[in-house]
Amino acid sequence: MPGSGYCWTVLTWPAPQIPELPGRGDVVRVHDSSTGRLVVASQGPSASLYVCGITPYDATHIGHAATYVAFDLLGRAWRDAGQHVTYASNVTDVDDPLLERATATGVDWRDLAVEQTALFAEDMTALGVIPPDVYLGAVETIPPVAAAVEELVAAGAAYRVPLEDGAGGDAPELGDVYADVTADSAFGQVSRLDEATMLELFAERGGDPERAGKRNALDPLLWRRERPGEPAWAAGSLGTGRPGWHIECAVIARAGLGLPFDVQGGGSDLLFPHHEMSTSHARLIGDGEVHGAGAATHVHAGLVAYQGEKMSKSRGNLVFVSRLRAEGVEPMAIRLALLAHHYRSDWEWTDASLTEGVQRFETWRSAVSGNGGPDADATLAEVRAALADDLDAPRALAAVDRWAELSLAGTAEPVEGAPGVISRAVNALLGVRL
Ligand code: 5CA
Ligand code: ZN
């Protein structure tokens, strides 16, 4: 909405300093959700990563933070292995849950999105997460998304579904647009789920299997026509409306990284339908190639629970990073609490998680405070090997714990500069500033 006074450009955050380390990290292997195998997701001198960004209707919780810290480790490990990393991400700054929350709380949806996107940037800065190189919001990406949807309609891979009475503004005859999943012969290969599971997850996670007029129950929305009380943008032959969710990530990944790219990441709740659908769209919009490709490898972080259930904005069982920070918790202790769990495991946040993070932070800080300390070479090698092996942060922490214990015991032959090497390694590789 030009002229509305809103700045639609999604603002990123300052990059943390990454200290230089002696030597080089190992080739990085990660778990590919599609095959269940460990793969070298990026071989050449450069690596490309797309991590699905937030829907900004509530503050960053520990679950989000765990996911972004996990992919931050991947970027750091790639860099340490000598690869040039390009990282793209999005902000879903217009979507159903955001609009619903805004209506329920009586705030303008744009104010809510701007406020929560800014808070997320603050939280990521505090947690030492490297910012994306390309960071785009759904709203600012409407023109290329609309063009991609028009292309899919023209190619017969998408079709219109008639609207209910009262929808569609001045052009009610133009329907919503859905992708036809049968247009993509590779559909299903990202998640490899059976039809019944796909249908169940689709209904649970924002899909509409029951919508009348669709060709296939799993067909996802590409363009939602104008509805009374909902924001809408003019979009050529599509008519006024707003973009569907999955096409947003396909188009933003293409804009930021080109297609195909190396890794698409997110929490495991995004595997289906979101990553299945966005990859399918990417195959069909790949520079006009019907047999293009999206991400070569899909990587997923486990889900963090709290009080017995997945921590989620819709359930409201949340621990906010910003609240912990406001209580005076050291952000690096939060980061250490997250890193104590392997990124792929589902785990539960408790008060003890934080206490442990704070203790580890304090122990490490005092262990690196002297000039001399136990030799750092083996520890650096262990941390590198652990991260290269599917980002095994708990193993990396254990290696540093052993070094810290030895350092504090003061029994090892002191090596000048060793604490500095550990401190820089922990900073560069784990993102923990001591
Ligand atoms: N905007 C979309 C992605 S395009 C979205 O899913 N936004 S979100 O705000 O709901 O989630 C942001 C990221 O946090 C996603 O990768 C999601 O999988 C992850 N996430 C959400 N809840 C948890 C949780 N409890 N534990 C771990 N990761 C989570
Ligand atoms: Zn996404």
Side-chain angles (χ1 to χ4, degrees), residues 10 33 49-72 74 88-101 112-113 116-117 119-120 123-124 127 129 132 135-139 141 145 190 201 204-207 220 243-257 261 263-282 294-295 298-321 337-338 341-349 353:
V10 171
S33 305
L49 172 68
Y50 183 88
V51 180
C52 280
I54 54 160
T55 305
Y57 67 89
D58 215 337
T60 323
H61 61 60
I62 288 290
H64 302 132
T67 291
Y68 294 109
V69 164
F71 291 98
D72 187 59
L74 176 57
S89 188
N90 68 304
V91 173
T92 309
D93 56 5
V94 61
D95 201 10
D96 298 344
L98 170 68
L99 299 174
E100 284 159 17
R101 176 64 63 89
L112 181 60
Q116 295 306 327
T117 303
L119 186 57
F120 175 71
D123 289 335
M124 292 298 105
L127 291 174
V129 173
Y135 194 40
L136 292 167
V139 173
T141 314
V145 164
V190 172
L201 292 176
E204 213 175 276
R205 298 173 177 168
W245 174 29
H246 316 301
I247 188 72
E248 168 194 343
C249 283
V251 169
I252 293 177
R254 178 178 66 175
L257 306 173
F261 56 100
V263 170
Q264 179 156 11
S268 61
D269 56 340
L270 296 189
L271 174 61
F272 194 88
H274 186 51
H275 289 170
E276 188 73 64
M277 300 300 182
S278 62
T279 304
S280 179
H281 297 335
H298 289 85
V299 179
H300 291 94
L303 298 178
V304 181
Y306 185 55
Q307 297 171 334
E309 284 194 273
K310 176 197 159 189
M311 197 180 282
S312 81
K313 290 184 275 208
S314 47
R315 283 197 189 91
N317 56 333
L318 306 171
V319 176
F320 294 124
V321 173
L338 304 176
H341 301 269
H342 190 275
Y343 82 92
R344 282 205 286 124
S345 57
D346 296 326
W347 56 282
E348 178 149 3
W349 176 265
S353 315

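As the structure lists them, so they are numbered: ligands from 1, and atoms in each ligand from 1.
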In ligand 1, the atoms that come under 4.0 Å of a heavy atom of Cys52 are 3 (C), 4 (S)
closest protein heavy atom to atom 27 (C) of ligand 1 is Gly63 O, 3.1 Å
Within the 4.0 Å heavy-atom cut-off, what His274 brings close to ligand 1 is side chain
For Glu348 and Gln307, the nearest pair of non-hydrogen atoms, with its separation, is OE2-N, 3.1 Å
Decide yes or no for Ser278 and His275: does some side-chain heavy atom of the first lie under 4.5 Å from some side-chain heavy atom of the second?
yes
| message | Quick check: do Val129 and Val69 have side-chain heavy atoms less than 4.5 Å from each other? | response | yes
Gly294 and Ala282 have their tightest heavy-atom pair at CA-CB, 3.7 Å
Note: ligand 1 atoms sitting under 4.0 Å from heavy atoms of Cys249 are 4 (S)
Problem - Ring geometry between Phe120 and Tyr68 (parallel below 30°, tilted from 30 to 60°, perpendicular above 60°) - result: perpendicular
Does the side chain of Ile54 reach to within under 4.5 Å of the side chain of Thr60, using non-hydrogen atoms?
-> no
In this structure, atom 26 (N) of ligand 1 is nearest to the protein heavy atom Val304 N, 2.9 Å
Discussion item. For ligand 1 and Lys310, I'd like to know whether there is a polar contact (N/O to N/O, distance under 3.5 Å).
Written reply: no
So, His298 versus Thr279: side-chain donor-acceptor pair below 3.5 Å or not?
-> yes
**OP:** Go through the side-chain N and O atoms of Glu248 and Thr92 and say whether any donor and acceptor fall under 3.5 Å apart.
**Re:** yes
If you scan protein heavy atoms around atom 22 (N) of ligand 1, the nearest is His61 CE1, 3.5 Å
Min over Leu270, Asp346, Thr92 of heavy-atom distance to atom 15 (C) of ligand 1 lands on Leu270
Note: heavy atom closest to atom 17 (C) of ligand 1, options Thr67, Leu338, Asp269, belongs to Asp269
*Purely on distance, is any nitrogen or oxygen of Gly266 under 3.5 Å from one on ligand 1?*
no
For atom 9 (O) of ligand 1, the closest protein heavy atom turns out to be Lys313 NZ, 2.7 Å
Nearest heavy-atom contact between Ser89 and Cys52 is OG-C, 4.1 Å
shortest atom 14 (O) of ligand 1-to-protein heavy-atom contact is with His64 CD2, 3.2 Å
Nearest heavy-atom approach of Met277 to Pro220 is SD-CG, 3.5 Å
Going by the 4.0 angstrom heavy-atom rule, the piece of Val51 near ligand 1 is neither
On a heavy-atom basis, the closest approach of Leu136 and Val10 is C-CG2, 4.1 Å
- Query: With under 30° as parallel and over 60° as perpendicular, where do the rings of Trp347 and Trp349 fit, or are they tilted in between?
  - Reply: tilted
With rounding to 10 degrees, Cys52 SG, the Zn ion (ligand 2) and Cys249 SG define an angle of 120°
Short version for Met311: what comes under 4.0 Å of ligand 1, heavy atoms counted, is both
Ranked by distance from atom 16 (O) of ligand 1, the top protein heavy atom is Gly267 N, 3.0 Å
Any atom of ligand 1 sitting under 4.0 Å from a heavy atom of Trp245? yes
Min over Phe71, Phe120, Tyr68, Tyr50 of heavy-atom distance to atom 12 (C) of ligand 1 lands on Tyr68
Short N or O distance, Leu303 and ligand 1, threshold 3.5 Å exclusive: no
What one should report as the nearest heavy-atom pair of His300 and Tyr343 is O-CE1, 3.5 Å
So the atoms of ligand 1 within less than 4.0 Å of a heavy atom of Gly53 turn out to be 1 (N), 2 (C), 3 (C), 4 (S), 5 (C), 7 (N), 12 (C)
*asked:* Looking at ligand 1, is there an atom of it that comes within less than 4.0 Å of some heavy atom belonging to Glu248?
replied: no
query: So, does Ala305 sit close enough to ligand 1 that a heavy atom of it is under 4.0 Å from the ligand?
result: no
